[in-house]
Amino acid sequence: MARDDRDCLIACAEAAAAAAASVVRPCFRAPLAVARKHDDSPVTIADREAEQAMRRVIAAHFPKDGILGEEFGHEREGAGRLWVLDPIDGTRAFITGRPLFGTLIGLLEEGRPVLGLIDQPITGERWLGVAGEALRFRGPLGGRPGCRRCPSLAEAELTATSPAMFSPDQAARFARLAGAVRRVSWGGDCYGYGLLALGLIDMIAEADLKLWDWAALVPVIESAGGAACDWQGRPLAIGGDGTILALGDPACEEAALALLAG
């Protein structure tokens, strides 16, 4: 990514995050109607209006780029550059008043994640990862960008959003990994990946992720010194199987994958 392009793309991503936050913040802990989508997941007017706000910002900056969002699908399919949006990753947390959600903005060039932003509009925390650069983080609650070293599974803090995301086979595989680590915690959606990038969590193993769930996460994790792959050890890719293993210390990858693979 050329420097001038990079700066313009970063500015666009941050402007889109600000536009989404201006929609989401007034709706947090406010009475909202909650609808259910075809996959039984919840959605609110905040999800929809925040995505529309981001789409307007991106279209104004880069009118030829593709956009894929969770709520409104694909625009300009076939474009070499694709913005991938999840206005509220963690809608269940959002509608129950917990600030463990975030807005996700990812950018793919020819299918490869090159920029990722996690924005938590309530706590004011923001993670920005750009391929080949160190993670940028800001927020009022403390924390230093960078994954921590944890070469032993026995010392690792493992987390996942919910056991409901796993099929029976995946649940059994996750249980093998869980039995080898120090502790397991649940909940967090994209916020957990932000904590991994601050060196507070060592490992996340999840399933049933869509492109908009992970596109922004990969650059954040890698910029913090971590690694991300699917449960077979393959790079995350469009059309993948929906699993993710995120590691603060890549030294744990072989042992973790052996357990997840059985």
Side-chain angles (χ1 to χ4, degrees), residues 10 13-14 16-18 20-21 24-25 28 84 86-90 92-94 98-107 113-162 165 177-178 181-206 209 212-229 236 244-253 256:
I10 289 172
E14 299 219 86
V24 172
R25 276 196 298 266
F28 185 62
V84 184
D86 191 344
I88 301 178
D89 182 75
R92 288 178 177 84
F94 172 72
R98 292 171 292 154
L100 299 178
F101 63 91
T103 295
L104 296 180
I105 301 172
L107 179 65
V114 296
L115 182 152
L117 186 149
I118 304 172
D119 187 68
Q120 214 309 317
I122 308 306
T123 64
E125 295 169 286
R126 182 173 294 176
W127 293 257
L128 175 67
V130 178
E133 299 185 11
L135 177 68
R136 308 179 193 191
F137 170 74
R138 66 176 186 263
L141 303 181
R144 299 179 62 182
C147 298
R148 67 185 173 197
R149 301 281 68 84
C150 181
S152 168
L153 286 183
E155 298 299 312
E157 297 280 350
L158 168 67
T159 192
T161 296
S162 169
M165 63 174 31
L177 178 60
V181 303
R182 174 184 284 179
R183 272 185 296 267
V184 179
S185 58
W186 297 96
D189 293 283
C190 66
Y191 196 77
Y193 294 85
L195 297 179
L196 183 143
L198 297 182
L200 300 169
I201 291 171
D202 301 299
M203 191 177 305
I204 302 173
E206 297 191 319
L209 270 63
W212 47 77
D213 295 315
W214 62 259
L217 304 179
V218 173
V220 169
I221 295 163
E222 293 179 346
S223 293
C229 60
L236 299 182
I244 185 172
L245 173 66
L247 300 158
D249 190 340
C252 286
E253 183 175 300

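Remember, predicted model here, so these are calculated numbers, not experimental data.
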Enquirer: With sequence neighbours left out, write down each residue that passes ring pair (Phe, Tyr, Trp, His ring centres under 6.0 Å) with Tyr191, or none if nothing qualifies.
Expert: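 Applying ring pair (Phe, Tyr, Trp, His ring centres under 6.0 Å) to Tyr191 gives Trp127.
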Enquirer: Taking all non-hydrogen atoms of both residues into account, name the closest pair between Pro219 and Ala215 and its distance.
Expert: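 Here Pro219 and Ala215 meet closest at CD-O, 3.3 Å.
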Enquirer: If you take all heavy atoms of Arg182 and Ala154, which pair is closest and at what distance?
Expert: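 Distance-wise, the nearest heavy atoms are CB-O, 3.3 Å.
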Enquirer: Are the side chains of Leu247 and Ile221 in contact, using a 4.5 Å heavy-atom criterion?
Expert: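 Not in contact.
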Enquirer: Grab the two heavy atoms, one from Ala17 and one from Leu117, that are nearest each other, plus how far apart they are.
Expert: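 Heavy atoms of Ala17 and Leu117 come nearest at CB-CD2, 3.8 Å.
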Enquirer: For Glu206, run the side-chain contact (heavy atoms from CB on, under 4.5 Å) check against Ile244, Leu245, Asp189 and tell me which one passes.
Expert: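 So, applying the side-chain contact (heavy atoms from CB on, under 4.5 Å) to Glu206 and each of Ile244, Leu245, Asp189, only Ile244 qualifies.
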Enquirer: Show the nearest heavy-atom pair for residues Ala205 and Ala160, with the distance to one decimal.
Expert: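 So the minimum-distance heavy-atom pair works out to O-CB, 3.4 Å.
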Enquirer: To the nearest 0.5 Å, what is the distance between CG (Leu158) and CD1 (Ile204)?
Expert: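 The CD1 atom of Ile204 is 8.5 Å from CG of Leu158, to the nearest 0.5 Å.
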Enquirer: Please examine the side chains of Ile88 and Val24, heavy atoms only from C-beta on, and report whether any two atoms are closer than 4.5 Å.
Expert: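 SC-SC contact between Val24 and Ile88 confirmed.
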Enquirer: Quick one: pull up CG in Leu107 and CD1 in Ile105 and give me the separation to the nearest 0.5 Å.
Expert: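 It comes to 10.5 Å.
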Enquirer: Once you measure the plane-to-plane angle for Phe101 and Phe94, does it fall in the parallel (<30°), tilted (30-60°) or perpendicular (>60°) bin?
Expert: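 The arrangement is perpendicular - the two ring planes meet at more than 60°.
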Enquirer: Evaluate Leu196 against Asp202 for side chain to side chain contact (heavy atoms under 4.5 Å, CB included), listing each step before the verdict.
Expert: CA-CA 6 Å; Leu196 183 143; Asp202 301 299; over 6 Å; no
Enquirer: Provide the closest heavy-atom pair for Thr123 versus Pro99 in the form atom of the first, atom of the second, distance.
Expert: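 Smallest interatomic distance, heavy atoms only, reads CG2-CB, 4.2 Å.
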Enquirer: Examine distances only and state if a side-chain atom of Asp89 and a backbone atom of Cys190 form a donor-acceptor pair shorter than 3.5 Å.
Expert: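 Judged by distance alone, yes, a pair lies under 3.5 Å.
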Enquirer: Does some side-chain heavy atom of Val184 sit less than 4.5 Å from a side-chain heavy atom of Thr159?
Expert: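 No; the side chains remain at least 4.5 Å from each other.
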Enquirer: Walk me through whether Asp119 and Leu128 qualify under side chain to side chain contact (heavy atoms under 4.5 Å, CB included).
Expert: CA-CA 9 Å; Asp119 187 68; Leu128 175 67; over 6 Å; no
Enquirer: Do Asp249 and Cys147 make a side-chain contact, defined as non-hydrogen atoms from C-beta onward lying under 4.5 Å apart?
Expert: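 No, their side chains stay 4.5 Å or more apart.
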Enquirer: State, to 0.1 Å, how close Asp213 and Leu104 come at their nearest heavy-atom pair, and which atoms those are.
Expert: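 The answer is O-CD1, 3.6 Å.
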Enquirer: Go through Met203 and Leu153 one step at a time and tell me if the side chain to side chain contact (heavy atoms under 4.5 Å, CB included) criterion holds.
Expert: CA-CA 9 Å; Met203 191 177 305; Leu153 286 183; 3.3 Å; yes
Enquirer: Is the backbone N or O of Ala197 less than 3.5 Å from a side-chain atom of Arg148, with the two atoms forming a donor-acceptor pair by type?
Expert: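 A pair under 3.5 Å: no.
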Enquirer: So do Val220 and Tyr193 actually touch side chain to side chain, heavy atoms under 4.5 Å?
Expert: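 Counting from C-beta outward, Tyr193 and Val220 never come under 4.5 Å.
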Enquirer: Any side-chain heavy atom of Ile122 within less than 4.5 Å of one from Arg25?
Expert: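 Yes. Closest side-chain heavy atoms under 4.5 Å.
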Enquirer: How long is the straight-line distance from CZ of Arg136 back to CZ of Arg126, given to the nearest 0.5 Å?
Expert: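 Output value for this atom pair is 12.0 Å.
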Enquirer: Test of understanding: with side-chain contact (heavy atoms from CB on, under 4.5 Å), list the residues that count as partners of Arg183, not counting sequence neighbours.
Expert: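 Arg183 satisfies side-chain contact (heavy atoms from CB on, under 4.5 Å) with Glu157 once adjacent residues are dropped.
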